[in-house]
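Just so you know, these numbers come straight off a predicted model, no measurement behind them. One-based numbering along the sequence shown.
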Amino acid sequence: MTETIIMCVVLSIIVFCSQAILCLKAKQKTVKLIPGYIIVAVYAICIILYCIDLFNGSGGVAIWQIFAFIISIANTVAFVSDILAWIAFGKPKN
């Protein structure tokens with residue numbers, strides 16, 4: 001459990017710092033949204049993994065659904081740190 005918490009903290013620090021740097025340095029909005037695009041893509045991958053077991057119906061352990069759940073938890077941590085970086089550094093400058 002401790003390792004999971006440490007990994008989530010490291011992930012959130014990495015995402016927060018990368019989004020903060022992009023918010024401060026990048027001029028184009030599409031460049032600033034790159035971490036958001038990656039987060040959305042990972043959620044799409046999780047949906048695909050979930051649907052593999054949902055529609056396969058082979059019975060037994062739904063391993064792809066378990067993987068999708070674990071990845072979506074880590075991705076939610078990244079999403080929250082991305083939102084916090086936008087709140088802290090994404091304010092438009094006058």
Side-chain angles (χ1 to χ4, degrees):
M1 184 69 172
T2 306
E3 294 87 8
T4 306
I5 294 171
I6 291 171
M7 293 294 286
C8 285
V9 168
V10 168
L11 174 66
S12 82
I13 289 170
I14 290 170
V15 172
F16 184 86
C17 291
S18 64
Q19 184 63 60
I21 289 169
L22 286 174
C23 281
L24 293 173
K25 301 289 182 182
K27 301 289 183 198
Q28 298 175 346
K29 191 171 186 176
T30 55
V31 175
K32 291 181 181 182
L33 290 174
I34 289 174
Y37 295 147
I38 295 170
I39 290 170
V40 169
V42 171
Y43 275 129
I45 291 169
C46 287
I47 290 171
I48 292 169
L49 289 175
Y50 180 80
C51 289
I52 287 173
D53 275 339
L54 184 67
F55 296 128
N56 191 10
S58 63
V61 177
I63 195 72
W64 294 112
Q65 288 180 358
I66 295 170
F67 285 153
F69 181 70
I70 292 169
I71 293 170
S72 66
I73 289 172
N75 201 35
T76 303
V77 170
F79 176 68
V80 169
S81 63
D82 188 48
I83 294 297
L84 291 175
W86 270 104
I87 291 171
F89 297 103
K91 299 175 186 172
K93 296 177 180 159
N94 294 330

Do V80 and F16 belong together in a cluster built from hydrophobic side chains that touch within less than 4.5 Å?
yes

Is there a donor-acceptor pair under 3.5 Å between the side chain of D53 and the backbone N or O of I63?
yes

Going only through I, L, V, M, F, W and Y residues with side-chain contacts under 4.5 Å, is there a path from I87 to F79?
yes

Exercise: identify the closest heavy-atom pair between L11 and A74
CD2-O, 3.2 Å

Contact summary for A20 and A85, nearest pair of heavy atoms:
N-CB, 4.2 Å

Minimum side-chain heavy-atom gap I45-I71 below 4.5 Å
no

In Å, rounded to the nearest 0.5 Å, how long is the span from CZ of F89 to CG of L22?
12.0 Å

Treating Ile, Leu, Val, Met, Phe, Trp and Tyr as nodes and any side-chain heavy-atom pair under 4.5 angstrom as an edge, say whether L84 and I14 lie in one connected cluster.
no

Side-chain (Q19) to main-chain (K32) donor-acceptor, under 3.5 angstrom:
yes

Any side-chain heavy-atom pair of L49 and F69 under 4.5 Å:
no

Check the hydrophobic clustering (I, L, V, M, F, W, Y; side-chain heavy atoms under 4.5 Å; chains of links allowed) and say if Y43 and I83 are grouped together.
yes

Distance check, rounded to the nearest 0.5 Å: C23 atom SG versus L33 atom CG?
8.5 Å

Under 4.5 Å between any side-chain heavy atoms of C46 and N75, yes or no?
no

Tell me whether I39 is reachable from V77 by hopping between hydrophobic residues (I, L, V, M, F, W, Y) whose side-chain heavy atoms are closer than 4.5 Å.
no

